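This report refers to the structure that appears directly beneath it.
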2 protein chains.
Amino acid sequence: MPAQPSAPGSRPTLEAVAARAGVSRATASRVVNGGEGVRAHVVDKVRVAIRELGYVPNQAARTLVTRRTGAVAVIIAEPEVRIFSDPFFSRQVRGISKELTAHDTQLVLLLVEDRGDYDRIERYLAGGHVDGALAFSLHTDDPLPAITRRIGMPTVYGGRPGWTGGPGEPGGVSYVDADNRGGAREAVRHLLERGRRRIAHIAGPLDQTSATDRLDGYRDVLRESDPALIAEGDFTSAGGARAMAELLERAPGLDAVFAANDLMATGALRVLRERGLGVPADVSLVGFDDTEQVAEAADPPLTTVRQDIEGMGRLMAGLLLRTLARGRTATAGGAPPESVITPTTLVRRASS
Amino acid sequence: MPAQPSAPGSRPTLEAVAARAGVSRATASRVVNGGEGVRAHVVDKVRVAIRELGYVPNQAARTLVTRRTGAVAVIIAEPEVRIFSDPFFSRQVRGISKELTAHDTQLVLLLVEDRGDYDRIERYLAGGHVDGALAFSLHTDDPLPAITRRIGMPTVYGGRPGWTGGPGEPGGVSYVDADNRGGAREAVRHLLERGRRRIAHIAGPLDQTSATDRLDGYRDVLRESDPALIAEGDFTSAGGARAMAELLERAPGLDAVFAANDLMATGALRVLRERGLGVPADVSLVGFDDTEQVAEAADPPLTTVRQDIEGMGRLMAGLLLRTLARGRTATAGGAPPESVITPTTLVRRASS
DNA sequence: CGGGAGCGTGAGAGCGCTCCCGGTGGTTTT
DNA sequence: AAAACCACCGGGAGCGCTCTCACGCTCCCG
């Protein structure tokens with residue numbers, strides 16, 4: 001129903017809106033940006049002109065002068081295999097998307113394929129295409145933190161970075177993480193309550209804090225645990241299967257397994273079944289993440305530690321947006337880092 | 001190791017580069033954009049200045065004058081459940097990302113949560129934030145095509161849209177799709193070769209062409225198929241299970257099932273196992289997609305129709321980029337639609 | 001009734017870049 | 001030898017917007 005733009009080919013400008021409303025460009029701009037300090041009557045006139053012309057602000061022109069883009073980068077640097085198998089990222093991205101959308105901010109997705117890509121990422125971030133960045137699941141030697149720090153890009157990490165609390169200073173970064181350690185403790189305690197005594201652990205890759213934190217939680221409860229009861233996986237189903245096979249060889253008497261994520265738990269499950277071991281009759285099994293279509297769909301359904309992944313995504317985005325808003329009003333000295341640990345809950349199903 | 005920018009707070013401009021290299025801004029611009037028609041000696045001088053200053057072009061300023069953003073929107077409008085359970089999107093996005101990155105184009109992700117979001121999408125697309133769009137898996141009543149057409153946004157669809165070949169004209173859209181029909185034919189023929197005669201089909205949601213095309217392929221081979229042998233699912237594991245239960249009730253004598261995707265096949269598998277039916281002893285099972293961690297990890301591993309999902313993503317991006325490049329050089333009359341159908345291959349595993 | 005206070009508005013500069021156009025110097029043509 | 005032609009480079013306009021500043025108007029107080 002709205003009328004066609006003034007010029008057939010090109011979009012109407014603020015100038016055109018101002019002309020039609022009989023005001024200056026400055027006033028039209030004020031209306032577009034909230035209408036503060038403009039008489040209601042004038043605001044209406046401009047609003048009508050905007051509607052009639054189908055005016056949409058030119059973001060490039062706006063960015064050029066404000067130096068803000070209204071966009072945020074989401075950087076995912078994870079080997080191919082995991083990004084596809086684990087719904088984790090999709091859910092977190094979804095949470096991020098929701099929060100950003102609610103604040104009229106766009107999501108620019110940067111996938112890192114190999115280490116050479118970091119040059120591209122740096123150029124992109126330095127190019128002023130985005131106001132801030134969200135990054136995930138860093139390994140200890142990830143070059144990203146150095147990059148974002150060098151170019152002064154506000155960044156919030158998903159998952160506690162391995163290099164916080166570096167030598168001397170606490171490495172001022174913001175992050176959002178689940179209570180991995182607490183969740184792991186709860187999982188292991190649950191197995192103890194079930195009467196299990198030889199509780200093994202399939203850890204994730206130990207260059208990630210989510211893996212080490214869960215391992216730490218396991219050790220918190222089982223202080224004197226036999227090292228033979230711990231095997232390292234890689235957060236994939238196949239890796240979980242390999243680790244399970246290893247564990248069965250080293251510690252045939254185990255009566256429970258706590259896997260650091262659900263995918264590895266399914267791999268373990270497959271191996272246990274192949275060896276004729278009943279779950280939970282012979283071996284109790286607990287996973288981590290409560291990923292749908294994995295934990296629930298397993299046979300038997302997995303007891304697991306749930307974390308609110310989508311909520312974590314929202315929190316990440318919210319934290320970043322707040323940082324950006326502050327940087328805009330306050331002195332540009334950079335906001336202090338701020339982090340959030342979200343709680344986990346144990347979901348009891350048939351596998352334990 | 002590059003030097004710091006001239007001004008401490010702000011980034012160096014092309015002006016600064018030109019001054020340092022002792023040339024005009026215009027010449028510096030030429031070098032930045034390829035260096036055509038500039039003497040090699042001058043090119044070098046400018047390149048050195050760029051490096052020394054750590055110059056990065058300001059995209060906003062560039063976009064303002066060129067009217068091109070160097071970014072492409074990827075629009076995913078799919079109910080939550082599927083986007084998480086099916087690695088399909090992740091893979092396709094990955095393919096898209098690779099192709100875009102290779103052409104220095106950014107990927108802006110737009111997730112559609114509910115129908116109200118389409119206003120936001122339209123505003124965004126109309127706002128000139130991106131040069132083109134890639135969209136997926138449209139349902140027949142999807143408002144997106146109308147939007148992109150109205151605002152003249154070059155768009156390539158993933159999966160044949162349901163509304164091509166509308167009344168009268170062929171609805172000029174570009175798309176990339178797998179040979180769903182041919183793949184389905186191959187799957188069913190394979191089951192026939194295995195000596196199966198009562199071959200059932202679990203279809204996807206019939207408002208999507210990927211589902212109807214596969215159903216058509218099934219019917220191509222089994223012209224006289226009993227309607228009781230066809231059940232509609234929703235591309236999820238749970239939906240596959242429901243459909244399988246339905247089929248077993250309606251047609252207890254079935255000896256094979258062709259499911260329209262792997263996820264539904266796993267649901268079917270679970271139901272078959274629960275009913276004590278052996279796969280493939282009693283019932284042969286074939287899926288579609290060959291999604292890793294699903295087809296291969298199933299027990300038994302699924303025979304399935306493989307499509308090159310990542311390749312399709314690359315093709316989509318490539319098609320769009322070529323369209324955009326053409327629109328830039330040729331008359332702005334809009335390039336003719338162009339579509340690609342990619343082949344499928346049958347992967348034989350233990351389930352059939 | 002004069003003069004500040006204060007609100008609402010307009011004029012204008014300028015963000016950093018691209019690109020057209022015109023000029024310069026050197027090489028080829030008639 | 002002059003004329004025509006290149007290849008290369010610089011000047012300058014302008015993309016659409018925001019934001020500062022100054023100006024005019026109304027209002028209120030002394």
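No experiment lies behind these values; they were computed from the predicted model shown.
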[X] [atom1] to [N] [atom2]: how many Å, rounded?
| X | N | atom1 | atom2 | value |
| --- | --- | --- | --- | --- |
| L14(A) | dT18(D) | CG | P | 6 Å |
| N33(B) | dC19(C) | CG | C1' | 11 Å |
| H41(A) | dC7(C) | NE2 | C1' | 17 Å |
| N58(B) | dC15(D) | CG | P | 18 Å |
| R11(A) | dC15(D) | CZ | C1' | 12 Å |
| R68(A) | dT18(D) | CZ | C1' | 11 Å |
| R67(A) | dC17(D) | CZ | P | 18 Å |

At less than 4.0 Å, is any side-chain N or O atom of [X] found next to OP1 or OP2 of [N]? Yes or no.
| X | N | answer |
| --- | --- | --- |
| T27(A) | dT9(C) | no |
| T13(A) | dG16(D) | no |
| T66(A) | dT18(D) | no |

- Item | Closest-nucleotide 5' rank along DNA chain D - winner of G37(B) and A61(B) |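 Taking each residue's closest nucleotide, the earlier one in sequence belongs to G37(B).
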Exam field: side chain [X] to backbone [Y], donor-acceptor pair closer than 3.5 Å:
| X | Y | result |
| --- | --- | --- |
| T63(A) | R68(A) | yes |
| T148(B) | M153(B) | no |
| E36(B) | R30(B) | no |

Counting only side-chain heavy atoms from C-beta out, which of [options] sits nearest to [X]?
| X | options | value |
| --- | --- | --- |
| R62(B) | dC17(C), dC17(D), dA11(C) | dC17(C) |
| L64(A) | dG16(C), dC9(D), dC17(D) | dG16(C) |
| R25(A) | dG16(D), dA13(D), dA13(C) | dA13(C) |
| V65(A) | dG10(C), dC17(C), dT18(D) | dT18(D) |
| S29(A) | dT18(C), dC9(D), dT18(D) | dT18(D) |

- Item | Stem segments of DNA chain D by first residue number [Watson-Crick or G-U, under 3.5 Å, at least 3] |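 When the pairs of DNA chain D are grouped into runs of at least three, the stems are C:1-30 with D:1-30.
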4.5 Å side-chain heavy-atom contact, [X] and [Y]:
| X | Y | value |
| --- | --- | --- |
| R20(A) | L53(A) | yes |
| D117(B) | L111(B) | no |
| L14(A) | S29(A) | yes |
| L134(A) | L107(A) | no |
| Y175(B) | L319(B) | no |
| M312(B) | R91(B) | no |

- Task: With heavy atoms under 4.0 Å as the rule, sort V38(B) into base, sugar-phosphate or nothing.
- Result: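 Sugar-phosphate contact only - V38(B) comes under 4.0 Å of backbone atoms but never of a base.
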- Query: For the base of dT9(C), is there a side-chain donor-acceptor partner from R39(A) under 3.5 Å away?
  - Reply: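 Looking at the base of dT9(C), it does not pair with any donor or acceptor on the side chain of R39(A) (distance under 3.5 Å).
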- Message: Here's a test of your reading of the structure: between E15(B) and V23(A), which maps to the more 5' nucleotide of DNA chain C?
- Response: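 Of the two residues, V23(A) wins.
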- Scan nucleotides 20-25 of chain C nucleotide by nucleotide, 5' to 3', and note B when protein non-hydrogen atoms come under 4.0 Å of the base, S if they reach only the sugar-phosphate, - if neither. B-----
- Under 3.5 Å, is there a donor-acceptor pair linking the side chains of Y118(B) and D142(B)?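 Yes, side-chain donor-acceptor contact under 3.5 Å.
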